[in-house]
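Since the model is a prediction, treat every value here as computed from it, not as a measurement. Computed over heavy atoms, backbone and side chain alike; hydrogens, waters and symmetry mates excluded. Index from 1, following the sequence.
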Amino acid sequence: MAAVIFDVGNVIIHWQPERQFGGRFADQAALDAALAEHDFAGWYGKRTDPRPWEARLEDCPRGDRFDIFNDYLTSFTAATRDPMEGSADLVTDLIAAGIRVFAITNAPPEADEVVPRQHPIMARFEDVAVSGLEGVKKPDPQIFERVLARNGLVAADCLFTDDSAAYLKGAASVGLRTHLFEGAAGLRSRLRADGFL
């Protein structure tokens, strides 16, 4: 049976991490400088770590770096509060058309609890693979293969959409059709052209 597999951040919901540090920095440039100084990207990039956030914070010495990373945890909902325009409607329309829907996200384990509480549309997905729980993240082919295998999916019958071209390469390597997400309208057109809608 045909299926569509969605990325979550900036496809189903807006992911705006700068909101999690609101008021702490004078402007975006100051925030960017602080995150670069403390290698936030490198630390957050370890999204295959299954430990609770508090345990992962123990890797950071107390001080400004610890406080910045802790802010990210305590204000996680601020970064993920807004839905992407038109995406929830598209998921609903796919289900109505008899198309199975799934999601894969590179996110810490906490996202598996926080995001569904904020966005009921997440409950419509049959399976949501969260990298922090899977122990592997996009674009590693393994995360795509796991979703396909445990849900009885054939790659050629499925389309994966993500706003990252790099992640699409991992999906394509296992035989998935891919679409670079640049808005729900563009994805809807692609799904119609491929016969999903």
Side-chain angles (χ1 to χ4, degrees), residues 1-17 39-51 56 79-80 83-84 86-88 90-95 97-112 115-116 119 121-197:
M1 181 180 289
V4 177
I5 306 171
F6 291 81
D7 172 38
V8 177
N10 293 327
V11 173
I12 299 298
I13 60 172
H14 283 282
W15 182 62
Q16 299 168 305
D39 189 28
F40 179 80
W43 184 78
Y44 181 69
K46 297 176 181 177
R47 283 167 286 180
T48 57
D49 190 334
R51 293 178 297 162
R56 300 198 303 278
T80 56
M84 292 291 291
S87 291
L90 187 50
V91 170
T92 299
D93 291 346
L94 284 166
I95 294 171
I99 303 299
R100 302 174 71 187
V101 291
F102 302 86
I104 299 175
T105 180
N106 281 359
E110 289 79 8
D112 193 49
V115 174
H119 303 279
I121 193 62
M122 294 301 299
R124 304 297 304 275
F125 292 103
E126 291 187 40
D127 184 11
V128 179
V130 178
S131 64
L133 298 174
E134 299 288 338
V136 63
K137 63 182 181 179
K138 299 176 293 182
D140 192 318
Q142 288 186 65
I143 198 165
F144 301 103
E145 291 171 341
R146 287 185 189 180
V147 170
L148 293 171
R150 71 187 179 210
N151 293 290
L153 301 172
V154 176
D157 295 336
C158 305
L159 182 142
F160 173 68
T161 184
D162 201 300
D163 62 315
S164 168
Y167 297 162
L168 295 182
K169 292 180 180 178
S173 74
V174 302
L176 285 160
R177 286 182 268 179
T178 62
H179 174 79
L180 181 64
F181 186 87
E182 297 177 315
L187 176 57
R188 184 179 291 274
S189 294
R190 170 65 187 278
L191 292 171
R192 285 175 176 160
D194 281 17
F196 288 93
L197 288 175

Spatial distance of atom [atom1] ([X]) from atom [atom2] ([Y]) [nearest 0.5 Å]:
X      : Y      : atom1 : atom2 : result
Leu191 : Ile99  : CG    : CD1   : 8.5 Å
Tyr167 : Phe144 : OH    : CZ    : 9.5 Å
Asp162 : Lys169 : CG    : NZ    : 13.0 Å
Arg177 : Leu168 : CZ    : CG    : 14.0 Å
Leu197 : Asp93  : CG    : CG    : 6.5 Å
Arg188 : His179 : CZ    : NE2   : 12.0 Å

Residue pair [X] / [Y]: nearest heavy atoms and the distance that separates them:
X      : Y      : result
Arg150 : Ala129 : NH2-CB, 3.6 Å
Val130 : Ala107 : CG1-O, 3.4 Å
Arg100 : Asn151 : NH1-O, 3.1 Å
Leu148 : Cys158 : CD2-SG, 4.2 Å
Phe6   : Val11  : CD2-CG1, 3.9 Å
Arg190 : Thr178 : NH1-O, 2.7 Å

- [ ] Going by the side chain to side chain donor-acceptor pair (under 3.5 Å) test, name the single residue among Asn106, Thr105, Asp7 that passes it with Lys138.
- [x] Asp7

- [ ] Report the C-alpha distance between Thr80 and Trp15 in whole Å, list the side-chain angles of each, state the deciding distance to 0.1 Å, and finish with yes or no for side chain to side chain contact (heavy atoms under 4.5 Å, CB included).
- [x] CA-CA 5 Å; Thr80 56; Trp15 182 62; 3.8 Å; yes

Open item on the list: side chain to side chain contact (heavy atoms under 4.5 Å, CB included), that's the test. Do Val128 and Leu133 meet it? Break it down for me.
Closed with: CA-CA 10 Å; Val128 179; Leu133 298 174; over 6 Å; no

Open item on the list: Side chains of Leu159 and Leu187, heavy atoms from C-beta outward: is any pair under 4.5 Å?
Closed with: yes

- [ ] Start with the C-alpha distance between Arg146 and Val136, add both sets of side-chain angles, then the distance that settles side chain to side chain contact (heavy atoms under 4.5 Å, CB included), and finish with yes or no.
- [x] CA-CA 10 Å; Arg146 287 185 189 180; Val136 63; 3.7 Å; yes

- [ ] Go through the steps for Phe196 and Leu94 under the test side chain to side chain contact (heavy atoms under 4.5 Å, CB included), then give the verdict.
- [x] CA-CA 7 Å; Phe196 288 93; Leu94 284 166; 4.2 Å; yes

